[in-house]
Amino acid sequence: MADKIKDPICGMEIKETKAIKLTQDGLIYYFCSENCRQKFLKQSSAVKSVTFGNKAMYTCPMHPEIERDKPGDCPKCGMHLEQKAVPAGEEDNKEARILARKFWLGLILALPVLFLALSEMIPIFNLKALVPSKLSRWLQFIFATPVVLWAGNIFFVKAWKSVLNRSLNMFTLIAMGVGAAYGFSAIAILLPNIFPESLKQHGEIGLYFEAAAVITVLVLMGQLLEAKARRRTGQAIKALLGLAANVAHRIRDGKEENVAIDQIQKGNLLRVRPGEKVPLDGIITEGKSTIDESMISGEPVPVAKKEGDRVIGATVNQTGAFVMRTEKIGSETLLSQIVKMVADAQRSRAPIQKLADRVSGYFVPAVLGCAVIAFIIWSIFGPAPALAYALISAISVLIIACPCALGLATPMSIMVGVGKGAQSGILIKNAEAVEKCEKVTYILTDKTGTLTAGKPQVAATITANGWNEKSLLSVAASIEQSSEHPLARCVVDYAKEKGYELASVDDFQSVTGGGVKGKVNGKVILLGKQKFIEDQKIGLSEELKKKSGELQEKAETVVWVAVDRQTVGILGISDPIKRTTPDAIRALHKMGLKVVMLTGDNEKTAKAIAKELGITDVYAGLEPKGKQEIVKKLKSEGAKVMMAGDGINDAPALAEADVGVAMGTGTDVAIESAGITLIKGDLNGIVKALRLSRGVMRNIRQNLFFAFIYNALGVPIAAGILYPFWGLLLSPMIAGAAMSFSSVSVIGNSLRLRNIKL
């Protein structure tokens, strides 16, 4: 490398020996100051692993409120903390590798212990001719010790931490059960003379090394399967991360160069060829093409794009080449936002989790109590040797009652469900939205951009007071340049297509739900709804009112234009119904939901569209506060309300609703206010979201049933309730297998959500 290098942020030449170094994505960067390095980190993707100077945060899958800046165990449940951002490469499998090593070595050592123990109990396994009883007992001790104290040491560490943190958990029970079995047996081997003769059979104390070793291996197996399954729940995020492009063709000073994505700045021009991924979010400045957006929207049909259209990073260019101007980089891109939303949602907690938390809070102390009671009862009333039976029942109770499955029931379903939603174009902000979504009874929806395409076009221009089309459109488009409303862009685009000149605007003001006003060439311009113009005490001609009514009968939105307190004309704007809307409305009705249209448009236009779609309840001419009030009213009547919208004027209603659904094609304010965002931006996404919610909640209830039924049946059986009737007493080994199976069954059931039909 040359002696001098350039800072990628400020361009300053610096010596390598004095530079601040950063390694990211296999590339090395040098900076003149910490300030430049921090700027670079902000610009680069928030979800990619940085190998220098960027501390990763770790959290618990079951208790997302627990956060640490280094890996470790959760102080509440003892579960291994996971990195909040998706880790790269080797770190991803570290926990699974450690558990796998402990499991396989533990299994190799536990099998001889099991066979030696069985030889003393089952004639078919009789090895006494080869291995004398005394040697067998010492071999069991030698083989079981590394299994329990090395392979199973993680359980004892977690259990000790649970005591220190005063948060008893599943590992408390495991450590007590395994520790009791191993400790009793070790004392019997090392100090056999301290036991009274009445407890001995054939002059020896019964050993439980096989129970301690096999239980340790079974629990390790459950933990290993669980770790692998938890990694599979993050596949949705990893799949999204894998979509990102690594290199872009940047055009600078007429020359094209290949650069890493991290080095692209806002405003850079990038060339995208057929078959390549769109590098970042931006706008096409030259050329046209069709783009496959299915990896983000879930829709397989390619989308035609032309000059002026927005393109999304990580989508795939198909037929044509084009040049784009970069508008969003790093964590600002849609892909990065999607990954962040999915990760945050997977860590959030559903209200139903509170039930499991309450039960778990009382569960461990209750199990300890059951184990003590079982031990006492068997010690007093059990057959000889009573202490052996008492120990077996107490250990079995401790092992089988581990509340791992109970704790995993909700988080696993949420993690898989949120990931499935992301792959289908449904971004869920938090687990609460999933639970509330299932109970929705009313769907309230905006018109423009939600029911309709959101790509309005000027269909008619009617002038008055001596004005012509050119002059009317010139002033209308001039003032609409500064507006964020979707109708504004269509007026501007239409005027530009006609070749009309646009002037600069002074004193621009936007009146939410009404219109806009400002000064163009010294003249005061008002543009908006009829009521907005009337509220300014400006007279409207009867002829224009009549023409306005005719346009509204055709489902066209009418925009009034006034100059210096005189109406000079109206614009008729049509916004076609989305192709997918009719089928979506029918599906929502079939699901038993009431669909209501809320719109700021006039009543005639709204009813014309509602009639075509089969919507009976319509509220028109609403301001943002009006939409919010309707949501409040329905909620006060006991309805569970879902509100769908895409504009700033929908934000209050979206926030007020039980579940807010924002169209991904809408404004950032609407998306921020909503609990669910639909990337594709049509009502079919709501149908999918409802089906996903119902599937996730059904899955959670199944998981909770599995967890409760195992414990409800397992604890009494382990305590020996069947022994007086059928002589059956649950072996601690079988209890360990049942405990592991309960956790694995919950995880397996959760993973079924990946195949749910939406």
Side-chain angles (χ1 to χ4, degrees), residues 297-301 413 417-418 420-421 423-428 433-454 555 576-599 606-619 627 630-631 634-635 637-646 650 653-654 657-665 674-702 752-758:
S297 68
E299 297 294 332
V301 181
S413 296
V418 168
K420 174 69 175 179
Q423 292 175 322
S424 303
I426 304 163
L427 302 184
I428 300 168
V434 176
E435 185 167 339
K436 287 184 175 180
C437 197
E438 183 205 25
K439 302 172 183 176
V440 164
T441 55
Y442 274 74
I443 305 290
L444 275 55
T445 172
D446 179 44
K447 178 179 72 68
T448 304
T450 305
L451 298 176
T452 61
I577 292 171
K578 287 181 183 176
R579 178 177 52 84
T580 56
T581 299
D583 288 341
I585 295 293
R586 283 192 289 271
L588 291 171
H589 283 151
K590 195 172 180 181
M591 294 171 80
L593 300 168
K594 184 78 171 176
V595 182
V596 180
M597 182 197 293
L598 307 182
T599 178
K607 285 189 173 179
I609 290 175
K611 184 178 179 182
E612 188 174 343
L613 292 173
I615 298 174
T616 54
D617 289 15
V618 180
Y619 295 87
K627 292 183 180 181
I630 290 171
V631 174
L634 289 172
K635 285 176 68 177
E637 294 170 357
K640 299 297 180 183
V641 180
M642 173 183 280
M643 171 72 194
D646 71 334
D650 299 317
L654 289 170
D658 292 296
V659 183
V661 179
M663 302 297 153
T665 51
I676 296 175
T677 300
L678 307 179
I679 296 296
K680 191 66 179 176
D682 67 50
L683 288 190
N684 266 338
I686 289 183
V687 178
K688 291 179 181 179
L690 290 168
R691 287 174 179 161
L692 177 65
S693 169
R694 294 178 180 185
V696 169
M697 294 310 298
R698 183 168 58 248
N699 192 269
I700 287 174
R701 293 187 183 98
Q702 290 167 353
R752 290 193 310 112
L753 284 170
R754 296 189 303 171
N755 302 318
I756 190 173
K757 302 281 187 185
L758 300 181

The single option from T581, V618, I615, I577 passing side-chain contact (heavy atoms from CB on, under 4.5 Å) against I609 =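 It is I577; the other options fail the test.
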
Reported CD1-to-CD1 distance for the pair I428 and I676, which is rounded to 0.5 angstrom |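 Rounded to the nearest 0.5 Å, the CD1-CD1 separation comes to 5.5 Å.
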
Which value, rounded to the nearest 0.5 Å, describes the distance between E637 atom CD and Y442 atom OH?
->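 One finds 7.0 Å between CD of E637 and OH of Y442.
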
Quick one: does any side-chain atom of [X] pair with a main-chain N or O of [Y] as donor and acceptor, under 3.5 Å?
{"X": "K420", "Y": "R754", "value": "yes"}
{"X": "T445", "Y": "M597", "value": "no"}
{"X": "T580", "Y": "N684", "value": "no"}
{"X": "D658", "Y": "V641", "value": "yes"}

Can you see which heavy atom on [X] is nearest to which on [Y], and at what distance?
{"X": "S424", "Y": "K688", "value": "O-NZ, 4.3 Å"}
{"X": "I700", "Y": "S413", "value": "CG1-CB, 3.4 Å"}
{"X": "G685", "Y": "I426", "value": "O-CD1, 4.0 Å"}

Do the side chains of [Y] and [X] get nearer than 4.5 Å, heavy atoms only?
{"X": "L598", "Y": "D446", "answer": "no"}
{"X": "V595", "Y": "D617", "answer": "no"}
{"X": "L692", "Y": "L690", "answer": "no"}
{"X": "T452", "Y": "K578", "answer": "no"}
{"X": "N699", "Y": "R752", "answer": "yes"}

Crowding at NZ, K640 (>12 non-hydrogen neighbours, <6.0 Å) =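 Count not over threshold, so no.
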
salt_bridge(K607, E612) N-O dist < 4.0 Å |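 Here K607 does not pair with E612 in a salt bridge, since their nearest N and O are not under 4.0 Å apart.
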
Let me see the working for K627 and T599 under side chain to side chain contact (heavy atoms under 4.5 Å, CB included), right down to the final yes or no.
-> CA-CA 8 Å; K627 292 183 180 181; T599 178; 5.6 Å; no

Any chance you could lay out the side chain to side chain contact (heavy atoms under 4.5 Å, CB included) test for Y619 and V596, step after step, and finish with the verdict?
-> CA-CA 8 Å; Y619 295 87; V596 180; 3.6 Å; yes

